[in-house]
Every structure is written in C-alpha cells, then in structure tokens.
Protein chains: 2
Amino acid sequence: MARLPLYLRALTGLAERGIATVSSEDLAAAAGVNSAKLRKDLSHLGSYGTRGVGYEVEYLVYQISRELGLTQDWAVAIVGVGNLGRALANYGGFVSRGFRVAALLDADPEVVGDTIAGLNVVHIDELETVIKRRGVSIVVLATPAQAAQAVCDRVVNAGVTSILNFAPVVLSVPESVEVRKVDLSIELQILAFHEQRKADRESGGPLMAVENQ
Amino acid sequence: MARLPLYLRALTGLAERGIATVSSEDLAAAAGVNSAKLRKDLSHLGSYGTRGVGYEVEYLVYQISRELGLTQDWAVAIVGVGNLGRALANYGGFVSRGFRVAALLDADPEVVGDTIAGLNVVHIDELETVIKRRGVSIVVLATPAQAAQAVCDRVVNAGVTSILNFAPVVLSVPESVEVRKVDLSIELQILAFHEQRKADRESGGPLMAVENQ
DNA sequence: ATCCCTTTGTGAACCGACGCACAAAGTCAG
DNA sequence: CTGACTTTGTGCGTCGGTTCACAAAGGGAT
C-alpha cells in the first residue's frame, strides 16, 4: 500500500515523543486518514494490534519498515546534477529512511569531478559501470526533459527496475520497470486550477444563480 | 481534473513539433493515459474535437490553459530557502507555465539578504506584508518539518488558500484551504516496497508454490 | 450526391476503494 | 471471576472513476 510510508512517518513522530502505544483513531488522525482505512491497511500485514489497547508503536514501526523493505539499505543514483539534483543529493530525508545516495552522474563536463554532498560527480558515460559496481537498484532522474528518455533506456538496460522521474516527460519503459513521477509544475497547476475556480465562484457564482433562474 | 496539466504538457510538445491536429488515441499515448478517459475529460470542458479528424492542437492548448487559469500569471512565494527552496527558485518549469516566483523568505539571518535567482531573500517576519504587497496567492513550503505548521498557520491567516507543502508533516488547515503535498522520501519508499516484492517473488515465489501444495 | 472510413462523445457495465457500523476480543476494576 | 468498557478486525453497502463498445457525426473520394 502507498500509505504505509505515511503511517511510518506518523509513528516515528510518536516514538520520538515517547509514546509507546497508539489507537487506530489517534494514529489515523496523525497520518490524516480515516481510522477504518488505517485498520484495514494494517490488518493486511498481519494482526499486530491488541483489541482494547491499540498498537505498540515500536513494534509497528519495525513491521512496517520490514514490509517496505527499509531494513536493508538501498543504493540510489541521481542522474542530472542541476539545481534539483543538488538539492536531492543534500536532502537529509533520504538517508534517515534507509536510502543511501551512492552515485551522482551528469553529462556536463563542467560539473563532472565536482564534489557534492561528499560525493564525486561521475560522467554519464560511466552509468552502467557505476550502477553495477555500486549495487544501485533505484535511479533518480533529474535531467532535462530532452535527455530523460535516453538516460532512462540506458538505466533500464543496466538492469534497474525502479525509477523516480523528475523530468516533465512520460517515460516509456518495459512493464517490469516501475516509474514514479514527480512533476513540480503540475502540482502548482492543480493549485492554480482550484484557486481560479474559487475566484470564479465568488464573482461568477451569484451571477450564475441569476442565469439559472 | 488533475490530468489536464498532463495533457497540456503533451500538447505543447506536439505543438513544438509543428503538429496541428491530433487524435485522442495519439494524444492519450503521449500523455500516458487511456483514450476514452482522455475524451471524457476533454468533453467536460466542451466539445472541442471534430469527429473523423481529432483535436486542433493550438486551440486545445488555449482551452486547457484557460481552464487551468494559466492565462493569468500567479505570484508564488517560497518559504524556506534551503537546498530545496533554492532549487525551486531556480527551476525553469514554473516560469514557463505562468508562475512567477515573487518572493523568497527564510528565518535564518544568515541567508536573509542573499540574492537567489535574482530575488532578495526576505526575513520571515515580513511574511504577511510581502504576501499582501506582492499579491501572492500560492505559497510553497520548503521549511524543516518542525517549522511547517507554524508558518502554514501564518500563511493561512494572511489569506492564502493554496499551499504546496514539501515538509514531511500533515498540515492541519481550514477546509477552505487546499494543500498539496510532495514528499520525496515517500516516493522512494514506495519504489523500495515494490523492488523488495520483486526480489521476494524471485526467491520466495517458487518456494511458496511448493508450500501451497 | 452518396457511401465509406475515421474519430468523437457517451451510455452502461465493471471494478476497486472507502467508510460505516458491528461483532469479536481483549483489558481492567472491583 | 465477572461485568463493563475499549478498541481491533471486517462484512457490506455505496460511490466515484475507469474502460468497453457503439451510435452519432464529420470528411473525403468516387
């Protein structure tokens, strides 16, 4: 389930505050979901709750971490060391959740050789070698849109089956490869859409009511 | 609809290649969705297609842009000028789609006064003033998790009703305020989850089959 | 002018997710 | 030990979204 990371985040927050036990109601509120949904999700990974009491925070953290595969560490390569790539390389949220940035790659000879977040930037020509040698299993694409599909093809050929794509293009990949995409400007466009509808409703709303009579 | 930006992106790509007309089938492929779904989505904003021919690219770009409210320009403020905030400030994808970064704010006196992407970083104390004076209607939160809710409250009080949240917390806001959230590490965790299931299936799969006999 | 071919727009079946509401199960006080 | 209370786990009705499949509509050739 795609909500497990959300629960995990809420649980680690509770653990830090020293809370040992939590009810589905409280945890659901902390994660921003319905409590029945949360219980159903958790029941899919086994009966880890105690009726009348709730869930033991520590135990649940461990179970969800295991389910998500966060008990092993994952080597991640970031391709494209522009502004976004740099930000991702320096982002603390990855390391704290079992992800290790194992390689930075770029095509621009200007940045190859630079050290970012303690890592040497390698030329994209080394892609296949680096992936094999450093055991990379997840690749983050932060390249310009034009380059994304070509890099993606090479990454897939090198045997990687999980890609996080920040480039604003639809990547075509074999069915066995999973691509998740984050498009920052799409998120803003959706906000603008709703923002405009609010504005329309305020000015045009009453008018519409008149027209509808 | 949340898919309109996707269609728009595909359409501008086609327009750049000089394609004047496109069928729902082709456009759906370019956007990575089902063609029936695309036709239904487009029909919700009026009958802009011609049976037997398809959709006129230019016209559709205009109609979707108008529907999304991209014909006006939106002033965006970015709060939190860490690695991510900097990357967002420099990100070209915003400007090209009608979004203007109108303000950068931070609490750290070390970065206040710096110039990033041609903008002066302002202290967070000025938040309300800056929002009003520069007509900001969308705020991007790129602060640490601990600070996010407090900043969010101030932003909401200042009258902003659209927030894009990069901090890994669930923000509580009035119902009238829309929050979209992007959590980079959650995306990676979902990839790791599927990656692990693939690995489990390869090693544990055949074994399971034996056990099930 | 007519016929055939392409493509849109949509009715209707299908599917999964969501949440209510409740029974089963466990805790704790007396 | 018993009974009242709390909370999980889940059956079931509902709802929105997705997709199939087809009728309606337009274009172009003969």
Side-chain angles (χ1 to χ4, degrees), chain A residues 1-8 10-11 14-15 19-64 67 170 175 178-181 186 190 193-194 197, chain B residues 1-8 10-11 14-15 19-64 67 170 175 178-181 186 190 193-194 197:
Chain A
M1 271 305 167
R3 281 183 298 267
L4 288 182
L6 216 59
Y7 303 155
L8 186 57
L11 282 166
L14 293 172
I19 296 170
T21 258
V22 67
S23 71
S24 63
E25 203 74 41
D26 292 351
L27 181 54
V33 301
N34 177 286
S35 68
K37 182 157 55 177
L38 179 135
R39 287 198 299 276
K40 203 161 273 183
D41 286 346
L42 293 186
S43 75
H44 282 316
L45 32 128
S47 279
Y48 297 137
T50 310
R51 296 177 190 226
V53 176
Y55 299 89
E56 200 200 333
V57 175
E58 289 289 347
Y59 188 53
L60 202 50
V61 165
Y62 169 72
Q63 289 298 343
I64 294 181
E67 181 76 8
V170 176
E175 202 171 344
E178 176 163 16
V179 176
R180 293 196 66 85
K181 57 182 198 295
I186 282 187
I190 294 171
F193 172 68
H194 292 294
R197 285 178 68 95
Chain B
M1 269 307 166
R3 283 183 299 268
L4 289 180
L6 215 60
Y7 303 154
L8 187 57
L11 282 165
L14 293 172
I19 296 169
T21 260
V22 66
S23 71
S24 63
E25 203 74 43
D26 293 350
L27 180 54
V33 301
N34 177 289
S35 69
K37 181 155 56 176
L38 180 134
R39 286 199 298 277
K40 201 158 272 187
D41 286 345
L42 293 185
S43 75
H44 282 317
L45 32 127
S47 280
Y48 297 136
T50 309
R51 295 175 191 227
V53 177
Y55 300 88
E56 199 200 333
V57 175
E58 289 288 350
Y59 187 53
L60 203 50
V61 165
Y62 170 71
Q63 289 298 342
I64 294 181
E67 181 76 10
V170 176
E175 201 172 345
E178 176 163 18
V179 175
R180 293 195 66 84
K181 56 181 197 298
I186 281 187
I190 294 172
F193 171 68
H194 291 295
R197 286 179 68 95

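In what follows, chains are A, B, ... by sequence order, proteins preceding strands, each numbered from 1. Note that the structure is predicted; figures quoted are calculated from it, not measured.
- Counting only heavy atoms from C-beta outward, the side chains of B/D26 and B/I19 never approach each other to under 4.5 Å.
- Residues meeting the side-chain contact (heavy atoms from CB on, under 4.5 Å) test with B/A29, sequence neighbours left out: none.
- The footprint of chain B on DNA chain C, defined by a heavy-atom cutoff below 4.0 Å, extends from C/dT6 to C/dA12.
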What pairs of donor and acceptor atoms, side-chain ones from residues 50-58 of chain A against any protein atom, are under 3.5 angstrom apart with sequence neighbours left out?
none

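- Among the candidates B/K37, B/R39, B/K40, the single residue satisfying the side chain to side chain donor-acceptor pair (under 3.5 Å) test with B/S24 is B/R39.
- Contacts of A/R180 classified as side-chain contact (heavy atoms from CB on, under 4.5 Å), with partners at least two apart in sequence or in another chain: A/L164, A/E178, B/E187, B/I190, B/L191.
- Put simply, CG on A/L27 is 12 Å from P on D/dG9, counting in whole angstrom units.
- Not counting sequence neighbours, the partners of A/Y59 by the ring-ring contact (aromatic ring centres under 6.0 Å, His included) test are A/Y48.
- With the nearest nucleotide of DNA chain D identified for both A/A36 and B/A36, A/A36 has the one nearer the 5' end.
- Each end of the helix from C/dA1-D/dT30 to C/dG30-D/dC1 gets its own rotation axis from five pairs of C1' atoms, and the angle between them is 10° to the nearest 10 degrees.
- At a threshold of 4.5 Å between non-hydrogen side-chain atoms, the residues A/V170 and A/V179 do not count as touching.
- An OP1 or OP2 oxygen of D/dC20 is reached within less than 4.0 angstrom by a side-chain nitrogen or oxygen of B/N34.
- DNA chain C lies under 4.0 Å from at least one heavy atom of each of the following residues of residues 38-59 of chain A: A/R39, A/K40, A/T50, A/R51, A/V53.
- Every residue two or more places apart in sequence or in another chain that forms a side-chain contact (heavy atoms from CB on, under 4.5 Å) with B/A30 is listed here: B/A10.
- Rounded to whole Å, atom C1' of D/dT7 lies 11 Å from atom CG of A/D26.
- The side-chain contact (heavy atoms from CB on, under 4.5 Å) test with A/Y7 is passed by exactly one of A/L60, A/L38, A/V61: A/L38.
- Every salt bridge (charged side-chain N to carboxylate O under 4.0 Å, His left out) that B/R3 has, sequence neighbours left out, goes to B/D41.
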